[in-house]
Amino acid sequence: MKALSVRQPWAWAIIYALKNIENRGWPIHYRGDILIHAAKTCTKKEYQLAREFCQGMGIVIPELISLRRGQVIGIVTIVDCKFSQVASGWGMAGQYHWKLENPREITPIPYIGRLGIFEVPDDLVMEVVA
């Protein structure tokens with residue numbers, strides 16, 4: 001199954017806080033379900049900036065120490081992708097906005113992430129999704 005690594009706390013926000021836009025510098029033509037992998041790295045500065053952004057959206061995120069990292073944590077459906085020069089909601093200006101729907105939590109799967117879209121073996125996923 002296709003997967004995307006997302007740094008924390010953004011990965012958490014996609015699955016648990018209805019973050020419905022993923023900002024990327026490149027478009028995606030794929031539509032359908034994709035695994036959300038919580039990347040292993042997250043600096044305190046990145047976390048603090050994300051925390052402030054989320055607070056502006058009225059969302060309180062968990063402490064960095066309690067966020068899962070280096071694991072697949074959920075599934076979301078990519079339904080659209082558009083470039084935008086305008087920031088709105090979760091979307092940042094000058095980025096491709098991947099429109100996300102139907103976030104689902106799964107039993108976490110320890111896995112090493114990669115850049116771009118990558119594949120996670122179906123047998124690993126079926127054990128926790130079934």
Side-chain angles (χ1 to χ4, degrees):
M1 187 168 182
K2 293 184 182 325
L4 177 71
S5 279
V6 180
R7 288 190 185 229
Q8 288 289 26
W10 304 117
W12 176 89
I14 289 170
I15 301 303
Y16 300 104
L18 303 178
K19 180 179 185 281
N20 63 350
I21 297 291
E22 174 59 14
N23 298 282
R24 293 284 160 154
W26 44 281
I28 189 166
H29 303 287
Y30 171 78
R31 302 294 182 267
D33 286 346
I34 192 165
L35 297 167
I36 298 298
H37 173 267
K40 199 167 190 174
T41 59
C42 177
T43 67
K44 287 181 183 178
K45 183 177 181 178
E46 288 171 331
Y47 173 81
Q48 191 56 40
L49 289 171
R51 184 179 184 152
E52 290 168 9
F53 182 90
C54 288
Q55 284 174 339
M57 298 281 290
I59 295 166
V60 177
I61 59 174
E63 292 299 320
L64 180 57
I65 191 96
S66 68
L67 291 170
R68 295 186 177 278
R69 291 189 273 171
Q71 299 176 2
V72 175
I73 63 167
I75 302 171
V76 70
T77 307
I78 299 174
V79 297
D80 200 7
C81 176
K82 292 195 164 79
F83 184 80
S84 181
Q85 295 285 9
V86 180
S88 67
W90 293 102
M92 296 179 180
Q95 295 284 303
Y96 286 93
H97 295 178
W98 299 12
K99 175 79 171 128
L100 310 175
E101 292 181 356
N102 195 21
R104 286 98 72 202
E105 175 185 15
I106 63 170
T107 302
I109 304 168
Y111 205 78
I112 296 171
R114 295 181 183 82
L115 294 176
I117 303 296
F118 60 96
E119 293 285 331
V120 173
D122 287 341
D123 58 331
L124 286 178
V125 178
M126 292 308 128
E127 291 176 15
V128 298
V129 174

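Bear in mind that the values here come from a model prediction, so they are computed numbers and not experimental data.
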Please tell me if the side chains of Y111 and V120 come closer than 4.5 Å, counting only heavy atoms from C-beta onward. yes

query: Considering only heavy atoms from C-beta outward, does the side chain of S5 approach that of K40 to under 4.5 Å?
result: no

Practice problem: Answer yes or no: is there a side-chain heavy-atom contact under 4.5 Å between E105 and I73? | Solution: no

### Within 6.0 angstrom of R69 CZ, more than 12 heavy atoms from elsewhere
yes

(request) Return yes if some donor-acceptor pair links the side-chain N/O of N23 with the main-chain N/O of Q95 below 3.5 Å, else return no. (result) no

Between the SG atom in C81 and the NZ atom in K99, the distance rounded to the nearest 0.5 Å is 12.5 Å

Here the side chain to side chain donor-acceptor pair (under 3.5 Å) pairs for residues 82-92, sequence neighbours left out, are D80-K82

| field | Exercise: do Y47 and Q8 side chains pair donor with acceptor under 3.5 Å | value | no

_Please tell me whether I21 and F53 are part of a single hydrophobic cluster in this structure, the criterion being side-chain heavy atoms less than 4.5 Å apart._
yes

Sequence neighbours excluded, the answer for ring-ring contact (aromatic ring centres under 6.0 Å, His included) partners of Y96 is F83

With V72 as partner, the option from V125, T107, I106, L4 fulfilling side chain to side chain contact (heavy atoms under 4.5 Å, CB included) is I106

**Request:** Compute whether any side-chain donor of one residue and acceptor of the other, for T43 and R7, lie under 3.5 angstrom apart.
**Result:** no

Minimal heavy-atom distance between L64 and C42, with the atoms involved, is CD1-SG, 3.8 Å

Worksheet item: How far apart are the C-alpha atoms of N102 and V76, what are their side-chain angles, what is the distance that settles it, and do they pass the side-chain contact (heavy atoms from CB on, under 4.5 Å) test?
Response: CA-CA 6 Å; N102 195 21; V76 70; 6.0 Å; no

So H37 and V6, do their side chains get closer than 4.5 Å, heavy atoms only? no

Point to revise | Heavy-atom side-chain proximity of E22 to I28 below 4.5 angstrom | key: no

- request: Answer yes or no: is there a side-chain heavy-atom contact under 4.5 Å between K2 and L35?
  value: no

Correct closest heavy-atom pair for I61 and A50 would be CD1-C, 4.5 Å

So do I112 and F118 actually touch side chain to side chain, heavy atoms under 4.5 Å? no

Group every Ile, Leu, Val, Met, Phe, Trp and Tyr by side-chain heavy-atom contacts under 4.5 Å, then state whether L67 and L49 land in the same group. no

Here the pair of heavy atoms bringing A11 nearest to I36 is CB-CG2, 3.9 Å

- Between N20 and E101, is any pair of side-chain heavy atoms under 4.5 Å apart? no

Keeping the roles fixed (side chain from K44, backbone from E46), state whether a donor-acceptor pair exists under 3.5 Å. no

Check your understanding: So, for W98 and Y30, is the gap between ring centers shorter than 6.0 Å?
Key -> no

Below 4.0 angstrom, N of the basic side chain to O of the carboxylate: do E63 and R51 qualify?
yes

- Message: As a quick check of understanding, evaluate side-chain contact (heavy atoms from CB on, under 4.5 Å) for M1 and I75, giving each step before the final call.
- Response: CA-CA 10 Å; M1 187 168 182; I75 302 171; 3.9 Å; yes

Rounded to the nearest 0.5 Å, the CG atom of L100 sits from the CD1 atom of I14 at a distance of 5.5 Å

* **Donor-acceptor contact present, side-chain R31 to main-chain H29, <3.5 Å** => yes

